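To start, the structure itself, in structure tokens.
Quantities reported herein were computed from a predicted structural model and do not represent experimental measurements. By convention in this document, chain letters (A, B, ...) are assigned in the order of the sequence lines, proteins followed by strands, and residues within each chain are numbered from 1. Values below: every heavy atom of this structure, side chains too, minus hydrogens, waters and symmetry copies.
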There are 2 protein chains.
Amino acid sequence: MARPTSKDVAHAAGVSQAAVSLVLGDKWRGRVSERTAQRVRATARELGYRPNLAARSLRLGTTRTALLVVPALTHDFFARVYTGAARIATTHDFGVVLYPSPEGIGPAKDPFASARTALDGVIASSMAAEALTAIRGADLPLVMLDSDPTDPTPAAHVNVDLADGMRQATEHLLTLGHRHFLHLAADVDSWTFHVRARALAETLSTTPDATARTAPAPLAVHEARAAAEHALTAPGPRPTAVICDDDIIAAGACKAARRLGLHIPHDLSITGFDDLTLATAVDPELTTIRLPAEHVGERGMEALLAVLDGRTPAHDPLPVELVVRDSTAPPPP
Amino acid sequence: MARPTSKDVAHAAGVSQAAVSLVLGDKWRGRVSERTAQRVRATARELGYRPNLAARSLRLGTTRTALLVVPALTHDFFARVYTGAARIATTHDFGVVLYPSPEGIGPAKDPFASARTALDGVIASSMAAEALTAIRGADLPLVMLDSDPTDPTPAAHVNVDLADGMRQATEHLLTLGHRHFLHLAADVDSWTFHVRARALAETLSTTPDATARTAPAPLAVHEARAAAEHALTAPGPRPTAVICDDDIIAAGACKAARRLGLHIPHDLSITGFDDLTLATAVDPELTTIRLPAEHVGERGMEALLAVLDGRTPAHDPLPVELVVRDSTAPPPP
DNA sequence: ACACCGAGGTTTTACGTATAACGTCTGCCG
DNA sequence: CGGCAGACGTTATACGTAAAACCTCGGTGT
């Protein structure tokens with residue numbers, strides 16, 4: 001038999017469709033007798049009834065579904081953001097649908113077509129640039145992750161204290177004695193990375209003899225390795241510490257150092273950012289800045305629920321943490 | 001204004017709702033004049049009309065949406081499977097919704113509740129064990145990835161020639177001269193890994209003096225490192241080659257070797273499986289078996305579309321490839 | 001005696017879409 | 001001149017659900 005509807009259940013239980021809807025929707029107190037409710041529930045289970053979600057959301061005008069827009073699935077920061085968002089969502093009978101930025105997928109880059117369902121709101125990383133224009137035009141409640149908090153377009157912002165993270169990383173290296181830095185900056189035009197650059201510059205400005213160069217690097221190990229190798233062999237004094245915008249870039253920098261015969265951390269210190277699983281998979285394990293990824297996801301979902309509820313979400317930035325491992329040491333004498 | 005409906009468009013364009021539906025659904029040949037069609041399309045664009053997907057799928061009884069069930073998002077094999085599946089899907093006006101196995105997400109482990117939309121079919125990895133029981137009970141078209149092809153429950157299977165992969169890895173090491181092996185087997189009860197174990201045993205059985213031990217290892221770098229360290233320090237002759245069920249385990253094995261003061265590949269050879277991005281992010285880069293991940297996704301989606309279409313999908317296994325890098329060498333003398 | 005009420009339901013309606021079934025008008029053939 | 005076939009639409013309906021509005025009937029307070 002085809003999938004049973006509430007009408008089928010009603011018929012089998014000898015009641016009206018409305019009664020089924022009331023019972024299964026838990027709105028039957030004082031409207032349906034306990035005995036009838038039992039019978040309806042039993043019949044529904046027996047027939048394997050599952051409500052038609054399309055019909056339900058058509059009726060209710062809501063889907064209790066959020067879209068989570070991320071730049072890439074392989075970047076496990078976002079996998080963790082998803083986990084956090086999904087945890088909060090499920091406790092509020094909400095769903096989360098992922099929209100990974102569609103590199104190489106094909107022509108249909110429409111996040112909404114991809115979601116295949118109506119949406120109640122969107123949570124988006126500022127790194128998923130191409131998807132954002134479509135999203136902004138859809139006047140859905142939008143929560144931005146790590147984007148410029150002064151931008152008034154989104155309904156809410158969730159920010160991590162990235163500036164503090166970059167400051168901590170830099171001061172860690174300054175304290176170790178480093179003065180000549182190379183900043184491998186992610187070649188992505190996103191606020192996340194602009195903040196890092198600014199915080200780095202500000203922190204170094206307090207130490208008169210500190211110098212820094214900057215080189216762009218892609219967010220992929222081998223491409224970052226090439227960029228790092230190029231930057232490290234450029235003319236002029238060689239930096240003693242490399243500050244990377246992301247652990248992926250740092251992993252590339254490590255590979256570059258090894259190819260140049262530099263020992264880490266003895267000859268060259270390297271810091272990452274994000275504390276991905278990659279950070280402890282490579283050798284040496286990376287000194288990095290740990291971001292509360294799951295917490296970001298939780299906050300994002302909470303913020304969206306608050307907005308949908310007419311409340312004002314929290315907006316204080318989440319704290320970060322310096323994790324010192326084996327990729328940093330005092331500079332060579 | 002609230003989101004416009006087809007009725008709003010119809011009113012604004014001075015036609016009936018049916019005409020709007022015909023024009024926008026591209027079914028207007030000989031039913032609506034070219035001029036009216038133009039006007040309707042212009043009005044729809046002007047109002048920013050987007051069809052209500054809930055209403056559409058209620059009417060049509062289909063959602064053109066597949067659920068892709070994967071064990072974990074961080075495992076980039078599945079990120080690539082998704083990419084392939086999504087590519088095929090978009091060219092057929094289909095959507096793909098991801099359901100990552102819900103470790104740590106919370107109580108609601110129902111894949112269908114999570115999808116928040118009706119589904120036309122499911123593509124599932126055999127590794128997502130907990131989700132599978134729910135899926136099998138839902139009598140939706142099911143395509144299994146890397147599961148036992150003799151299992152008649154799924155409507156279709158997509159298989160990679162894993163046995164051949166394991167055979168190639170093993171023969172590579174045999175050719176290099178290795179005779180004492182350690183097999184770090186993923187501690188997941190899935191066909192994917194059973195096949196590897198069987199193929200390894202069969203391949204070794206052709207070489208009389210080859211010996212192998214097996215130790216289980218979790219699919220996470222540090223846990224695998226611990227397992228590898230334990231297995232490598234066990235009493236008895238030390239193996240000269242470690243065959244891992246997955247690159248993640250191999251990365252852990254590399255870490256273990258380093259802690260034991262063993263140089264790779266000089267003192268110990270290690271092979272991975274899958275050719276994840278991790279395989280070339282670690283040092284030394286891993287000799288591994290490359291699986292056609294995107295192709296698996298494409299095949300999976302094609303198979304599902306075929307099943308929905310009443311056709312019989314292809315079922316020959318996809319070929320794999322040995323990639324020799326820096327983690328394997330002849331055994332020490 | 002009668003209005004009133006609550007328990008225990010049922011009937012009806014609306015959500016937005018796609019499409020089958022049904023007009024209407026114009027031109028044209030027999 | 002009758003009718004008939006496109007061309008160009010419109011009207012009506014169904015999809016499955018949730019919930020508002022309505023009905024019936026046995027008590028109950030006054």
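Rounding to whole angstrom units, CG of residue A/L24 and C1' of D/dG16 are separated by 13 Å. Rounded to an integer number of Å, the gap from CZ of A/R50 to P of D/dT17 is 13 Å. We find that NZ of A/K27 is positioned 19 Å from P of C/dG9, with the value rounded to whole Å.
With hydrogens and angles left out, the side-chain atoms of B/D146 and B/T192 include no donor and acceptor closer than 3.5 Å. Checking A/S190 against A/S126 by side-chain atom types alone, a donor-acceptor pair falls below 3.5 Å.
The distance from atom CZ of B/R59 to atom CZ of B/R56, rounded to the nearest 0.5 Å, is 12.0 Å.
A heavy atom closer than 4.0 Å to some atom of DNA chain C occurs in no member of residues 33-42 of chain B.
One axis for each end of the helix from C/dA1-D/dT30 to C/dG30-D/dC1, each built from five base pairs, and the angle between them comes to 70° at 10° resolution.
Two residues are said to be in side-chain contact when any heavy atoms from C-beta on lie closer than 4.5 Å; A/H11 and A/K7 fail this criterion.
Formation of a donor-acceptor pair under 3.5 Å by the B/R31 side chain with backbone atoms of B/A19 is not found in this model.
Using a 4.0 Å cut-off, some side-chain N or O of B/R56 falls inside it from OP1 or OP2 of C/dA18.
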Could I get a table of every N or O pair under 3.5 Å where one atom is in the protein and the other is in nucleotides 10-15 of chain D?
residue: D/dT10; atom: OP2; partner: B/S16; partner atom: N; Å: 2.9
residue: D/dT10; atom: OP2; partner: B/S16; partner atom: OG; Å: 2.7

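Enclosure of atom NE2 in A/H194 by more than 12 non-hydrogen atoms of other residues, nucleotides or ligands within 6.0 angstrom is indicated.
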